[in-house]
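Everything on this sheet refers to the single structure shown next.
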Amino acid sequence: MGKLWLICIASISILLPFLCNAFSPETPTDRRVLVLLDDFAIMSSHSLYFNALKSRGFDLEFKLADDPKIALQRYGQYLYDALILFCPSVERFGGSIDVAAIVNFVDSGHDLIVAADVNASDLIREVGTECGVDFDEDPSAMVIDHIGYAVSGTEGDHTLIASDDFIKSDVILGAKKIEAPILFRGIGHAVSPANSLVLKVLSASPSAYSANPKSKLSTPPPLTGSAISLVSIVQARNNARLLITGSLSMFSNRFFRSGVQKAGSQTKHGKSGNEQFLTEISKWIFHERGHLKAINVKHHRVGETDEPALYRINDELEYSVEIYEWSGTSWEPYVANDVQLQFYMMSPYVLKTLSSDKKGLYSTSFKVPDVYGVFQFKVEHQKLGYTSLSLSKQIPVRPYRHNEYERFIPAAYPYYGAAFSMMAGFFIFSFVHLYSK
Amino acid sequence: MARSLVGFTVLLLFLSICESASFFQPISDSHRSAAVELFSPDHGSLKSLEETYEALRTFDVLGIEKKPDVTATACRLVSETVGSSSSTLKDVFYALKANSIVKCKINDKAYQGIITRLNAAVDGASSLPDFYYSVGGLVLVKGSKGDVHLADADGIFRSVKAFRQSDGRWRSSSSNPESSAFAAGIALETLAGVVSLASPELDQSLISTLNNDISKLFDSIEKYDDGALYFDDKLVDGHDHQGPLATTSSVVRGLTAFAAVTDERLNIPSNKILGLANFFLGIGVPGDAKDLFNQIDSLACLESNRVSIPLILSLPSTVLSVTKEDLLQVNVNTVLGSNAPPLTVKLVGVFTSGSKAASLVESQELVFDDGTGMYNMKNLPKSIDVGSYTFVFEIVLHELEHEKIYITGGQKKVPIFVSGLIKIENAEIAVLDSDLGSIETQKKLDLAGQNAVSLSANHLQKLRVSFKLTTPHGLAFKPHQALLKLRHESKVEHIFVVGNSGKQFEIVLNFLGLVEKFFYLSGRYDIELAVGDAVMENSLLLAIGHIELDLPEPPEKATRPPPQPVDPYSRYGPKAEITHIFRAPEKRPPKELSLAFLGLTFLPLLGFLIGLLRLGVNLKNFPSNAVPATFATLFHVSIGAVLSLYVLFWLKLDLFQTLKLLGFLGVILVLVGRRVLSHLASTSAKLKSA
């Protein structure tokens with residue numbers, strides 16, 4: 001019996017580190033998501049979104065945000081790979097979760113989706129601030145757009161917005177164009193210009209502004225025009241991905257199913273773009289798109305196959321690397337034409353675009369510069385929406401050895417000739433001098 | 001649990017925002033499409049009999065054509081369950097319920113078996129669910145076969161009633177001390193079954209005490225701000241807690257079932273029934289199959305209940321345009337969207353939102369339109385201009401008898417936006433001289449079309465933008481959004497609210513006071529004007545033109561303009577390629593020239609040789625003796641070897657190999673040379689002395 005226990009504990013302690021980690025190229029599947037809700041009724045009213053996630057193999061665990069039993073980690077191990085906060089009105093999280101815990105969760109490479117709403121609590125605003133966005137401070141402010149609103153028989157106050165100002169990125173929003181505008185009702189936020197990691201995915205139109213629709217506007221609104229971000233994403237330096245939006249209702253079944261007609265436009269779409277937009281963006285958030293890995297970095301002299309320990313100046317060399325993108329189920333070849341290699345010592349001496357064979361292999365060849373020193377092969381691939389690839393490999397470059405220089409220089413032949421004719425003359429002169437009478 | 005309740009309140013508020021403030025739409029096509037989607041076999045439901053029944057019932061109520069495969073699956077499940085004696089009581093119950101909708105063929109023998117089983121179960125039942133399933137089963141059998149009755153109805157009634165608590169809630173079994181409204185609903189439905197199955201009539205006093213309990217139960221009803229009523233069980237342990245929807249649904253089912261069998265009129269205020277209907281309609285379209293079933297089933301119960309049938313007043317559109325002369329249309333339906341009895345809809349009053357002034361119109365009746373089945377008002381009253389209003393409606397039933405059957409809920413307030421085209425006039429932009437206020441440049445603006453004004457000003461001048469807004473009825477209009485935006489070349493934006501006095505909107509920007517705010521940035525500022533309101537159909541965002549501002553140089557401590565966001569597209573993307581520039585090879589003369597000079601270098605040697613021949617050199621001094629001759633030969637061979645070594649050094653050898661060999665040859669050369677030279681010296685000395 002005791003032995004059985006021992007085996008149990010041993011196997012758990014071996015398995016534990018593998019149970020739940022952030023996205024890693026080694027174990028990209030089996031992802032567990034904690035969903036914190038204000039109320040379980042959101043499970044039903046937002047079920048289309050949750051079902052879309054479940055059908056892609058995510059294991060969603062629904063908890064009330066103030067459930068005293070919730071925790072993100074236990075014994076130093078994270079229990080989840082991602083967190084969805086659909087609890088705009090929560091004042092205090094239950095259990096051991098607080099803003100610092102969420103920040104640590106993200107700092108360890110986990111993904112986060114935050115949906116705020118009108119009257120969002122200070123706690124959710126604080127989470128937003130930590131993520132690099134600032135929600136409008138007025139608690140009853142909403143995004144209003146008197147030109148780009150969604151036409152509706154029952155909505156008269158123009159807070160239901162039809163927005164179609166997307167970020168231009170296939171990797172974030174999918175290759176298929178989103179035809180129908182996105183229905184949005186909620187609060188706007190601004191992204192800090194100093195923060196280069198936050199991207200506006202869905203911006204408000206230039207005529208939008210953020211204010212309380214019920215009260216008169218006496219001071220200029222803090223957020224106006226396309227500076228208002230409706231949906232933002234963050235890709236942290238550790239490749240954790242975050243989605244922040246000021247509308248919980250944009251995830252709802254009602255908005256998913258609702259038709260949409262933008263004011264001033266004659267086209268009436270049978271279904272809003274919300275489902276496509278949010279599903280595609282969740283694929284990005286959960287690393288089903290745009291997550292790259294580079295393997296098999298190789299370099300060698302032209303005509304050889306082995307990697308040398310160092311190069312000589314003016315050597316011709318070949319460099320190749322294989323890059324793959326995670327598709328949710330498998331690693332697919334990454335196809336791009338802007339992966340660049342740098343041959344770098346203090347500053348790049350050579351910067352060359354790698355040519356791709358469309359199967360993931362990127363290669364190029366170039367001549368080592370005639371400067372010796374310790375160089376690096378550097379691939380710094382940063383592309384909108386993709387995880388950044390940063391490969392570097394150190395390699396020394398030596399000058400010519402003494403016997404590697406040119407030996408017979410035609411221009412010097414007269415000197416050689418002079419020397420040898422002198423020697424021949426000396427040889428003859430030695431006879432003449434010694435033996436002539 | 002209280003927390004979840006708060007949450008639910010929040011959700012319902014949020015949903016009610018979605019459903020546009022506090023009035024409810026009856027069941028619509030969106031429910032139908034949701035039902036088809038949720039109750040599809042490939043969606044994972046329809047596995048158990050309970051789910052099958054829920055699907056069938058929802059389809060039945062919503063009038064959706066049953067798919068043949070659903071019916072076939074249901075019938076197969078039903079006959080399997082009914083035929084086997086090992087199936088549970090619950091399964092038998094749901095099989096019979098499903099059968100009551102799909103009407104499968106069940107033979108008499110199976111029926112007899114079930115009746116015996118159910119009767120035995122009734123006698124042996126000890127908990128509320130047992131009674132519920134067995135009595136419910138018998139009621140269903142009676143519905144299709146007709147000859148079922150309970151022998152000891154009185155006794156069963158009493159034993160079910162034993163679960164009753166004093167507050168109107170019920171316990172689900174005698175061992176469970178918790179009472180719940182959910183169980184109350186089940187109990188009521190069970191008792192309704194017992195009443196309908198009793199072969200001699202039940203004692204009326206038993207039923208009337210129950211009537212009292214129902215009133216007590218309704219005392220514990222909870223309320224939302226928008227008038228929706230619901231039941232919720234506040235259990236200490238959430239072990240088998242049902243949500244407010246399931247609980248309310250259970251009570252409604254029990255209530256309507258009981259009201260259907262009793263002759264007495266239940267003593268429930270009819271607006272509570274309306275509140276319950278509002279609760280179910282306020283949920284919208286649930287995304288969960290169970291929730292959808294509860295919603296639809298409860299509404300179906302309310303649709304034909306004997307207490308009072310709620311009538312729902314709804315408007316297809318609450319945004320009316322004055323300019324397009326939209327009709328004010330009002331719909332009155334039952335909860336499931338079927339037609340109401342003959343009635344009149346009265347517009348009692350119209351009030352401006354947020355003010356307590358008297359009604360703007362007199363009470364009037366709306367005209368019924370047979371074609372659309374709606375109540376219309378042809379033209380909006382003249383006193384209604386653009387703005388947001390609260391319209392108050394009242395439903396008046398034509399026949400007095402209907403007053404007892406239907407509940408209309410008294411006066412109904414509906415927020416309505418009346419929109420229209422706003423006239424914009426006298427729009428102009430001017431640059432003023434500060435001290436005198438005299439106009440330097442003034443331009444008219446056409447706010448309906450294109451403008452490209454170009455102005456220039458310095459910090460001692462002022463900019464004035466003014467325009468006038470009037471409603472279609474000629475009154476002053478104050479839009480919610482009247483903003484003037486100045487955008488500098490460096491994308492720094494400044495926004496000003498345009499104030500108004502009466503109809504006239506005017507803003508004067510005194511640049512002297514604004515230089516600090518403008519960060520002393522001189523240059524071109526684009527001017528944008530945004531005028532918009534929820535009821536303004538021609539809201540506009542217009543680029544007026546630009547103004548060239550000449551501001552003073554910033555002082556030392558002036559604040560810097562805030563950083564502007566960087567375009568994300570420019571931050572990424574490939575960099576320009578870099579190729580290394582190699583050191584250029586040294587310049588060399590052409591090979592031919594080198595070879596020509598090589599030839600020239602041999603000329604002196606040639607001249608030397610010719611000179612020697614001319615001088616008539618000879619080798620007469622060469623030693624004639626064998627030994628000195630050998631040494632002389634060796635001497636010259638070694639000189640030749642050393643010279644060849646130099647050639648080899650040039651051709652292939654390195655310095656070390658050369659020195660090694662040279663050392664060796666040098667020693668030989670010195671030894672041999674010494675002998676030869678001493679021999680020659682002695683020979684010449686002899687000659688001189690001789």
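In what follows, chains are A, B, ... by sequence order, proteins preceding strands, each numbered from 1. No experiment lies behind these values; they were computed from the predicted model shown.
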- Message: If I measure from the heavy atoms of chain B, does A/Lys383 come under 4.5 Å with its side chain, its backbone, both, or neither?
- Response: backbone
- Just say parallel, tilted or perpendicular for the rings of A/Tyr349 and B/His580, cut-offs at 30° and 60°. tilted
- Portion of B/Leu598 that has a non-hydrogen atom of chain A nearer than 4.5 angstrom: both
- Task: Pick one of side chain, backbone, both or neither for B/Leu292, based on which atoms fall under 4.5 Å of a heavy atom in chain A.
- Result: neither
- Heavy-atom contact with chain A under 4.5 Å, split by part of B/Ala632: both
- Query: Considering only heavy atoms, which portion of B/Ile416 lies under 4.5 Å from any heavy atom of chain A: side chain, backbone, both, or neither?
  - Reply: neither
- Item | A/His158/B/Phe417 aromatic ring centres below 6.0 Å | no
- Query: Does any heavy atom of chain B fall under 4.5 Å from the side chain of A/Ser218, the backbone, both, or neither of them?
  - Reply: backbone
- Message: If I measure from the heavy atoms of chain B, does A/Ser192 come under 4.5 Å with its side chain, its backbone, both, or neither?
- Response: neither
- B/Gln564 versus chain A, the contacting section by heavy-atom distance below 4.5 Å: backbone
- Message: Walk me through whether A/Ile144 and B/Gln481 qualify under side-chain contact (heavy atoms from CB on, under 4.5 Å).
- Response: CA-CA 9 Å; A/Ile144 308 170; B/Gln481 180 190 24; over 6 Å; no
- chain A contact via B/Lys290 - which portion, at a heavy-atom distance below 4.5 Å: neither
- Item | Contacting region of A/Tyr149 [heavy-atom separation from chain B under 4.5 Å] | neither
- Within 45° cone of B/Phe582 ring axis and under 6.0 Å: A/Lys367 NZ or CZ: yes
- Note on the structure: If one checks every heavy atom of A/Ile409 against chain B at 4.5 Å, the contacting part turns out to be side chain
- Message: Does any backbone or side-chain atom of A/Lys200 lie under 4.5 Å from a heavy atom of chain B? Answer side chain, backbone, both or neither.
- Response: neither
- Query: Is a side-chain donor or acceptor of B/His480 paired with a backbone partner of A/His146 at a separation under 3.5 angstrom?
  - Reply: no
- Message: Report which part of B/Leu483 has an atom under 4.5 Å of a heavy atom belonging to chain A: side chain, backbone, both, or neither.
- Response: side chain
- Contacting moiety of B/Lys587, where chain A heavy atoms sit under 4.5 Å: neither
- Answer with side chain, backbone, both or neither: which region of A/Leu48 has an atom nearer than 4.5 Å to a non-hydrogen atom of chain B? side chain
- Item | Interchain contact, B/Leu680 with chain A, by part (heavy-atom threshold 4.5 Å) | side chain
- Message: Which atoms of B/Asp291 are under 4.5 Å from chain A, going by heavy atoms: the side chain, the backbone, both sets, or neither?
- Response: side chain
- Query: Of the backbone (N, CA, C, O) and the side chain (C-beta and beyond), which part of B/Leu612 lies under 4.5 Å from a heavy atom of chain A, both, or neither?
  - Reply: side chain
- Task: Side chain from CB out, backbone as N, CA, C, O: work out which of these in A/Phe408 comes under 4.5 Å of a heavy atom of chain B, or both, or neither.
- Result: side chain
- Task: Tell me, for A/Glu380 versus chain B, whether the close heavy atoms (under 4.5 Å) come from the side chain, the backbone, both or neither.
- Result: neither
- Message: Is it the case that the side chain of A/Gln340 and the backbone of B/Glu577 share a donor-acceptor pair, with hydrogens and angles ignored and the cut-off at 3.5 Å?
- Response: no
- Residue part contacting chain B, namely of A/Ala418, when any heavy atom lies under 4.5 Å: both
- Of the backbone (N, CA, C, O) and the side chain (C-beta and beyond), which part of A/Pro213 lies under 4.5 Å from a heavy atom of chain B, both, or neither? backbone
- Message: Quick check on B/Leu540 against chain A: is it the side chain, the backbone, both or neither that has a heavy atom closer than 4.5 Å?
- Response: backbone
- Message: Between B/Glu493 and chain A, with a heavy-atom cut-off of 4.5 Å, which part of the residue counts as in contact: side chain, backbone, both or neither?
- Response: side chain
- Structural part of A/Leu217 lying under 4.5 Å from a heavy atom of chain B: both
- Item | Part of A/Thr219 within contact of chain B (heavy atom distance under 4.5 Å) | backbone
- Message: Using heavy-atom distances under 4.5 Å, tell me whether B/Val647 contacts chain A through its side chain, its backbone, both, or neither.
- Response: both
